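Let me begin by presenting the structure, written as structure tokens, before commenting on it.
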2 protein chains.
Amino acid sequence: MSISSRFSVAIHILCLLAINKDKATNTSEHLAGSVNTNPVVIRKVMSMLKGAGLVNVRAGVPGSELAKGLSEITLLDVYKAVNVVAENDLFNSHEHPNPDCIVGRNIQQSLNKQFSTAQKAMEHSLEIVTLAEVVQDILDSDNV
Amino acid sequence: MSISSRFSVAIHILCLLAINKDKATNTSEHLAGSVNTNPVVIRKVMSMLKGAGLVNVRAGVPGSELAKGLSEITLLDVYKAVNVVAENDLFNSHEHPNPDCIVGRNIQQSLNKQFSTAQKAMEHSLEIVTLAEVVQDILDSDNV
DNA sequence: TTACATGTAACTATAATAGTTACAATATGA
DNA sequence: TCATATTGTAACTATTATAGTTACATGTAA
């Protein structure tokens, strides 16, 4: 199991928009060239980012741009925008354990506690990083 | 995307073995009755738990038992035993971004850092909880 | 040696991902 | 206004993983 690459594609796109300010050139075709995928994949991700208020893009108008400052967008914002993991659903529990068994009738709530805590720990790690840091890291890496 | 319920099934099994010390009655048939699944599913999970040294079970001999003390088994041990998430593979990155683009040629290492940190945060959360706590929680819940 | 459990291969149904084709809807410049 | 180019989306495919199931070989012990 792995979290969908929609997330990494979304981060890639947003970094590109941050670095290339020339809005009109940021078409799905062009972005697809950098990500190395199909333009329709880009447009689908773009549609989700637009829904979350992270990018500006309009039907018929070529190109796109960030709708917020780089340092105002955390990795958690992007993660939620592209809907790769549902609320409290990183871990999948088996359903309908036997209620006639002490373990069966109590384990779900115990697991939910632990799983929820673990998921939150992961999400918190994404929350404390902004795209500004990721872009800076990319620029730094390229200048070595 | 969700992490396989093999993990929750494995925890369920281990809790049962902790509560029912009568080894011979812990057959895959019986465990399947509490988890509410097929005995073969139990045997597959059991095979992985055995491989990780968490349970004792032998071909031809009915039943099973814990191979370690409850407080010596963390949720991370179980998670690794059933192999639900590969090393550094919780997040799936898009492959082959364009090396002719500054973002394309640098984003993978930036993402790997962030994704690895997030995965470790989640796994650490599992590491600090032992099965002893989960079993105690189950017993407490049942006595309300 | 019989009975019964474990171990495992092979198959099914289901669901999600990533990519693709096709086309409608939209906006803009000539 | 119309031609053109792009976005938005539906519909389809191939691939992969999960969870469950059947079938049967293997192993143990009474």
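In the text below, chain A, chain B and the rest are named by the order of the sequence lines, each starting its count at 1. Keep in mind the model is a prediction, meaning the values are calculated, not measured.
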Handout entry: Contact nearer the 5' end of DNA chain D, comparing B/N83 with B/G60
Key = B/N83
Near DNA chain D, counting only heavy atoms under 4.0 Å, which residues of [range] show up?
range: residues 5-21 of chain B; answer: B/S5, B/R6
range: residues 48-58 of chain A; answer: A/K50, A/V57, A/R58
range: residues 22-30 of chain A; answer: A/T27, A/S28

Completion exercise
Contacted region of DNA chain C by chain B, from 5' end to 3' end of the hits, cut-off under 4.0 Å to heavy atoms, spans C/dA5 to C/dA18
Atom [atom1] of [X] and atom [atom2] of [Y]: how far apart are they, to the nearest 0.5 Å?
X: A/I3; Y: B/L90; atom1: CD1; atom2: CG; result: 4.0 Å
X: A/Q108; Y: A/L111; atom1: CD; atom2: CG; result: 8.0 Å
X: A/N143; Y: B/I102; atom1: CG; atom2: CD1; result: 6.5 Å
X: A/L126; Y: A/I11; atom1: CG; atom2: CD1; result: 8.0 Å

Please name the pair of heavy atoms, one in [X] and one in [Y], separated by the smallest distance, quoted to 0.1 Å.
X: A/S125; Y: B/A118; result: OG-CA, 3.3 Å
X: B/N92; Y: A/S8; result: O-OG, 3.7 Å
X: B/F7; Y: B/V82; result: CA-CG2, 3.9 Å

Tell me every residue that passes salt bridge (charged side-chain N to carboxylate O under 4.0 Å, His left out) with [X], counting only those two or more places apart in sequence or in another chain.
X: B/D140; value: none
X: A/K68; value: none
X: B/R58; value: none

Once salt bridge (charged side-chain N to carboxylate O under 4.0 Å, His left out) is applied, what residue pairs with a partner in [range] remain, sequence neighbours excluded?
range: residues 94-109 of chain B; result: A/D142-B/R105
range: residues 69-90 of chain B; result: none
range: residues 120-138 of chain A; result: A/D137-B/K113

Give the table of side-chain donor-acceptor pairs shorter than 3.5 Å for residues 37-47 of chain A, with sequence neighbours excluded, one pair per line with atom names and distance.
from, atom 1, to, atom 2, distance (Å)
A/N38, OD1, A/V40, N, 2.9
A/R43, NH1, A/S28, OG, 3.0

Exercise for the section: Would you please confirm or rule out a distance under 4.0 Å between OP1 or OP2 of D/dT9 and any side-chain N or O of A/S47? Expected result: yes
Handout entry: Interatomic distance, A/N92 CG vs D/dA17 C1' [rounded to whole Å]
Key = 12 Å
Exercise for the section: Verify the distance criterion only: is there a donor paired with an acceptor across the side chains of B/S64 and B/N26 at less than 3.5 Å? Expected result: no
Handout entry: Residue-level proximity of residues 32-46 of chain B to DNA chain C when a heavy atom falls under 4.0 Å
Key = B/V40, B/R43, B/K44
